[in-house]
Protein chains: 2
Amino acid sequence: MNDHGKPRPPPPEDCPLERYLHVVSGAWVPRIVWFLRFGPRRYGDLRRDLKSISGKVLTEKLRALESDGLVVRRVIDSSPPQVEYSLSPRGRAFDPVFDAMVKVSAELERLDAIEVSDGATETGRR
Amino acid sequence: MNDHGKPRPPPPEDCPLERYLHVVSGAWVPRIVWFLRFGPRRYGDLRRDLKSISGKVLTEKLRALESDGLVVRRVIDSSPPQVEYSLSPRGRAFDPVFDAMVKVSAELERLDAIEVSDGATETGRR
DNA sequence: CTGTATCCTTTTAGATACTG
DNA sequence: CAGTATCTAAAAGGATACAG
């Protein structure tokens, strides 16, 4: 038997970073939330978005996100069955972090460009 | 033999999230950067900051951060020897993400408070 | 299509002993 | 103090087969 449906895991210590990492950490959770930001996605869509994730892990992480209240699971009763995942308001509360990651990535790229271009300047040799 | 001193690991695919996670991921790296934001720290300080980290892992992660250019290692030649770690300009480029995490944490706390207080409203039972 | 169950591999991290 | 080396344990993830 598994342990899905636990109301919630124990609370983290009272530190902003711990509070954040308690919910969004590991290799897959940030990526899942990333793709859900663009809109609701079905299970199979996410699996393709995330390329190398296994079905087992995707299910595990979606369940965890659901139990943490970041993700809403909606069953569309059709044939074949469809399940749609989307960010809850609580899940959208994480937007600022992802926005910041985009900003940081751009800045890193800029810093890399400078670093490369000033090899010549550095030695002063021309 | 180990593989420290590698110039750099292979570049990530061209996605802002991947670019970010390539450098800052795993259980310890975000926490190490977090503590370095408050100023330079010595090896032993970090070990205390991070409470349960093992020496082996702290060294590994610091080396990785150094090789990624986020952290600068400075040896203070005294007796006993001291080593000080600090964020490089590239390391400080990550600030916006940590700032956002602080904001998000506060917002989560706020949402939790609402959620709790409206249990009564939800059922309408008085 | 959306999962679950089982088994196995990889990754990550902790414990301990030891060095300059 | 600040590590390194070795060994072991735990966590995370992947492959496969199968079910509603």
Side-chain angles (χ1 to χ4, degrees), chain A residues 1-6 9-10 12 18 21-33 35-36 40-68 71-86, chain B residues 1-6 9-10 12 18 21-33 35-36 40-68 71-86:
Chain A
M1 190 187 274
N2 66 34
D3 52 4
H4 288 156
K6 286 181 311 244
E18 294 305 325
L21 292 177
H22 181 69
V23 182
V24 177
S25 69
W28 292 113
V29 169
R31 293 176 168 97
I32 292 171
V33 176
F35 284 109
L36 288 177
R41 298 292 275 168
R42 289 182 27 206
Y43 181 86
D45 293 331
L46 287 171
R47 216 165 159 184
R48 276 180 294 278
D49 292 338
L50 299 164
K51 296 186 175 73
S52 68
I53 198 171
S54 70
K56 190 198 83 168
V57 172
L58 179 54
T59 301
E60 279 173 10
K61 299 311 175 185
L62 286 170
R63 293 286 178 279
L65 285 166
E66 208 189 339
S67 108
D68 284 332
V71 160
V72 176
R73 177 175 182 271
R74 189 170 72 98
V75 178
I76 302 164
D77 201 3
S78 58
S79 172
Q82 295 183 12
V83 181
E84 183 190 87
Y85 293 92
S86 57
Chain B
M1 191 189 270
N2 66 33
D3 53 4
H4 289 155
K6 284 183 313 246
E18 294 304 325
L21 293 177
H22 181 68
V23 181
V24 177
S25 69
W28 291 114
V29 169
R31 292 175 168 96
I32 293 172
V33 176
F35 284 109
L36 288 177
R41 299 293 276 168
R42 286 173 38 198
Y43 181 87
D45 293 331
L46 287 171
R47 220 172 154 177
R48 276 180 293 278
D49 292 338
L50 297 165
K51 295 187 175 71
S52 68
I53 198 171
S54 70
K56 190 197 84 169
V57 171
L58 179 54
T59 301
E60 280 173 8
K61 299 310 176 187
L62 285 170
R63 292 287 180 279
L65 285 166
E66 208 190 338
S67 108
D68 284 332
V71 160
V72 175
R73 177 175 182 271
R74 188 170 72 98
V75 178
I76 301 163
D77 200 5
S78 59
S79 172
Q82 296 184 12
V83 181
E84 184 191 85
Y85 292 91
S86 56

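Convention: sequence-line order gives letters A, B, ...; per-chain numbering from 1.
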* Asked: Could you give the distance from CZ (Arg73(B)) to OH (Tyr43(B)), rounded to the nearest 0.5 Å?
  -> 10.5 Å
* Asked: Just how far, in rounded Å, is P of dC1(C) from CG of Leu58(A)?
  -> 14 Å
* Minimum-distance pair of heavy atoms, taken over all atoms of Tyr85(A) and Val71(A) -> CD2-CG1, 3.8 Å
* Asked: Does dT4(D) have OP1 or OP2 sitting under 4.0 Å from an N or O in the side chain of Tyr43(B)?
  -> no
* Roughly how far, to the nearest 0.5 Å, is the CZ atom of Arg31(B) from the CG atom of Leu58(B)? -> 13.5 Å
* To do: Within residues 74-82 of chain A, find the residues that approach DNA chain D with a heavy atom at under 4.0 Å, and present them sorted by residue number.
  => Pro81(A)
* Asked: Can you find a side chain N or O atom of Arg73(A) that sits less than 4.0 Å from OP1 or OP2 on dG3(C)?
  -> yes
All N/O pairs under 3.5 Å across the protein-nucleotides 11-13 of chain D interface:
unit_1: dG13(D); atom_1: OP1; unit_2: Ala27(A); atom_2: N; d: 3.4
unit_1: dG13(D); atom_1: OP2; unit_2: Lys61(A); atom_2: NZ; d: 2.9
unit_1: dG13(D); atom_1: N7; unit_2: Lys56(A); atom_2: NZ; d: 3.1

* Heavy-atom pair of closest approach, residues Pro30(A) and Ser25(A) -> CD-O, 4.1 Å
* **d(CG, Leu62(B); C1', dT4(D)) in whole Å** => 14 Å
* **Shortest non-hydrogen contact between Val24(A) and Val29(A), atoms and distance** => CA-CG1, 3.9 Å
* Can you measure from CD1 (Ile53(A)) to CD (Glu60(A)) and round to the nearest 0.5 angstrom? => 9.0 Å
* Structure fact -> Heavy atoms of Arg41(B) and Phe35(B) approach each other most closely as CG-O, 4.1 Å
* Does Tyr85(A) put a side-chain nitrogen or oxygen below 4.0 Å from OP1 or OP2 of dG3(C)? -> yes
* Spatial distance of atom OG (Ser54(A)) from atom CZ (Arg47(A)) [nearest 0.5 Å] -> 7.0 Å
* To do: Return no unless some side-chain N or O of Arg63(B) is found under 4.0 Å from OP1 or OP2 of dT4(D).
  => yes
* Structure fact -> When rounded to whole Å, the CZ to C1' distance for the pair Arg47(B) and dA15(C) reads 10 Å
* Asked: With side chains defined as the heavy atoms from C-beta onward, is the minimum distance between Leu62(A) and Leu46(A) less than 4.5 Å?
  -> yes
* Considering only dG3(D), dG14(D), dG3(C), which nucleotide approaches the side chain of Ile53(A) most closely? -> dG14(D)
* To do: Using a heavy-atom cut-off of under 4.0 Å over every strand shown, decide if Arg42(A) touches base, sugar-phosphate, or nothing.
  => sugar-phosphate
* To do: Any chance you could measure Lys61(B), atom NZ, to Glu66(B), atom CD, to the nearest 0.5 Å?
  => 14.5 Å
* Asked: If you round to the nearest 0.5 Å, how far is CZ of Arg48(A) from CZ of Arg42(A)?
  -> 7.5 Å
* Would you mind reading off the distance between Lys51(B) atom NZ and dG14(C) atom P, rounded to a whole angstrom? => 14 Å
* Structure fact -> Overall bend of the helix from dC1(C)-dG20(D) to dG20(C)-dC1(D) (five pairs an end, 10° steps) is 50°
